Amino acid sequence: MRSRRVQALVVLLLFGVVKLPIEQVVSAKMKEARMLQGSLDLGLWENLGQMGFAASLGGLRALVAGVTYMQAYVAFEDIEWAKVDSLFQLTSRLQPHDVSYWDEGAWHMAYNAASNYLHSDRVEPIMRGKLYHAHIERGIRILEDGLRYNPDNVRLLSRLGDIYSKRKLDPVKAGETYEKVSTFEGLERYGRFAAYEYLKTTDRALWKRSYDLLMASYKRDGKKFPSVIDGIKELEKRLAIPFMQWIPEKGSGKGPVAPVQPMDLPATR
Amino acid sequence: METELKRVGGGFSVSRVWTMAAATVTQLVRMRILVFLVVLSAIVVAAGFMFPVFSAEQQLKMLKYVSFGALQFFSLVLAIVATALLLPKDIEDRTLYTILSKPVPRVEYLLGKFFGVMLLIGGGLILMDVLLCAVLHLRQSLVLAQELAFLKQGHATAEELAVEAARIEAQGVGWSLQIGVLAVFLKAGVVTALALMISCFASSTLFTVITTFCVCIIGQGQELIREFFFHRTFDAAGEKIASGLFAVLVPDLRLFDVIDQVVAGDEVAGGAALFMTGAGLLYMAGYLVVAHLLFVEKEL
């Protein structure tokens, strides 16, 4: 009887020693395939409370994130922006590879909270602008944090470009961000968005970049986008592009136009 | 006659294991454990129609969060409690003596109990998975139609419609969802084997339940303990021994936590799923061998 128990203990210990390197390998392989997340940040203990932390450790991390997301939604309905921010921070830390949380958290701050403060009667007029800009910055920081966990994620990058473009009104950074998105397969249209942003700047080098991007779009899509033609026509003047390299005007023909050959221009114009 | 009995009793019989497993399923069903399954299934269906104010993508995610939470809860509670109840119940009813007085090796009895619990968990998970897929598919079709109609009203471009449709479709029924269910099943299998092993030396059902539950919690943080053991310079020998013992004795249950990726709508790599399955089978085999060694000479 005793010998069997000793045998059982020895087998259990041997099995434990053998399994350790196997666990390391399997864990590494699964992380490589992005099937496993990193370990839970022990700093979340205070925010989650004992039950939430235990549940997260107990394999119900996604469910706990769902609960904190719902709490964030309730805070949004109650227009408690600080609470929305902290709960989204908690949710996205629990599920750092779920980009929708970073995206939505940033959207709440840069759009909803910022606009709410700008038009709020409860806030002193002198503070409104300050809070508006502070929340746009907060939205940007959330996306930057998200991009640290999910480098080169197109959803986060495009949202960042949108915030730089429509909220921060920083066309240089918006253009750079959109241009980065355009390097991903199937997202060439973001090159066009980058060009529109560069067009808003006063930097001649960026106008040249804008012209190149718009010409690339024009060669790819022809006359499909009137704003591309408008942009090119504007840049032809700003950059003093030689007349022979100008493209036809918007209403001068139907359907896509082949790449422009200088010799064709006089006939089409 | 005596020689024949010895031969039959000594040899391993798959059909006897199957009979034991089927009897275990019947035994557990009679304990009205399936009421628990009905309640959790109702939660899955209800989750499909809750949260209507969220965005389309989040509605589907919440459905998956709640459903997978229910699947995990069902499988783990069943794995711990049902397994902890089996041996003491058989001893109390004296069924164990009747079975073991026949030419049934103890290993077959143990495997029969294990596979019985696994059959019940597997059956329950399949039922809940079918229900989850049906509700998710229905909900996805509804929110996709609503979202596209809304965007068309707002004169969204074809590109914007395609992006939104792809985003919603990524949250629908797919193979990664099935791998998520497989992960829940494997984790339940490991916990069942562990609970069976503990119940072979435990003095009471409560001891088995509490000990297995604690091991499960530690198992979820096992990676932290292993990292601590492998990569930290120790100041005290006691720390090293303690972390080493935890790392050796406790399974790494986080290897089965692929649900986070599944719910996020990410594709799950087939190769990594094979590694996960291999690890699960290894744990089950290891703990069953130890359980057998403990049970084979247990005084009943």
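If you're wondering where the values come from, they're calculated on a predicted model, not measured in any experiment. Order of the sequence lines fixes the chain letters, A, B, ..., with proteins taken first and strands second; residue numbering starts at 1 for each chain. Below, all heavy atoms of this structure are taken into account, side chains as well, without hydrogens, waters or symmetry copies.
When the shell of 6.0 Å around NZ of A:Lys200 is examined, it contains more than 12 heavy atoms from other residues, nucleotides or ligands. Residue-environment remark: CZ (B:Phe213) stays at or below the threshold of 12 foreign heavy atoms within 6.0 Å.
Here the closest non-hydrogen pair linking A:Gly66 and B:Met62 is O-CE, 3.3 Å. Of all non-hydrogen atoms in A:Phe15 and B:Tyr283, the two that sit nearest each other are CZ-CA, 3.8 Å.
For A:Asp145, the salt bridge (charged side-chain N to carboxylate O under 4.0 Å, His left out) test picks out A:Arg148, with sequence neighbours left out. For B:Phe185, there are no ring pair (Phe, Tyr, Trp, His ring centres under 6.0 Å) partners, not counting sequence neighbours.
Residue B:Val258 touches chain A through both its backbone and its side chain, counting heavy-atom pairs closer than 4.5 Å. Heavy atoms closer than 4.5 Å to chain A are found in the backbone of B:Val250, but not in its side chain. The contact between B:Met276 and chain A is made by backbone and side chain atoms together, counting heavy-atom distances below 4.5 Å. For A:Leu13, the parts lying under 4.5 angstrom from a heavy atom of chain B are both the backbone and the side chain.
With B:Val248 as reference, A:Val17 is the one residue of A:Val17, A:Leu12, A:Leu14 to meet the side-chain contact (heavy atoms from CB on, under 4.5 Å) rule. A side-chain contact (heavy atoms from CB on, under 4.5 Å) with A:Val26 is found for exactly one of B:Leu282, B:Leu274, B:Leu255, namely B:Leu255.
Between A:Arg155 and B:Arg167, some side-chain heavy-atom pair lies under the 4.5 Å cut-off.
Annotation: cation-pi pair B:Lys61/A:Tyr69 absent, no NZ/CZ under 6.0 Å from the ring centroid and within 45° of its normal.
If you tally non-hydrogen atom pairs under 4.5 Å between each of B:Val290, B:Leu253, B:Val296 and chain A, the highest count goes to B:Val290. Contact count versus chain A (heavy atoms, under 4.5 Å) is highest, among B:Phe275, B:Phe256, B:Phe201, for B:Phe275. By number of non-hydrogen pairs under 4.5 angstrom with chain B, the leading residue of A:Lys19, A:Glu104, A:Glu32 is A:Lys19.
Using cut-offs of 30° and 60° for the angle between ring planes, the A:Tyr101 and B:Tyr65 rings count as parallel.
B:Leu293 contributes atom CG, which lies 5.5 Å from atom CD of A:Gln7 (distance to the nearest 0.5 angstrom). Note: B:Asp252 CG to A:Leu20 CG = 9.5 Å, rounded to the nearest 0.5 Å.
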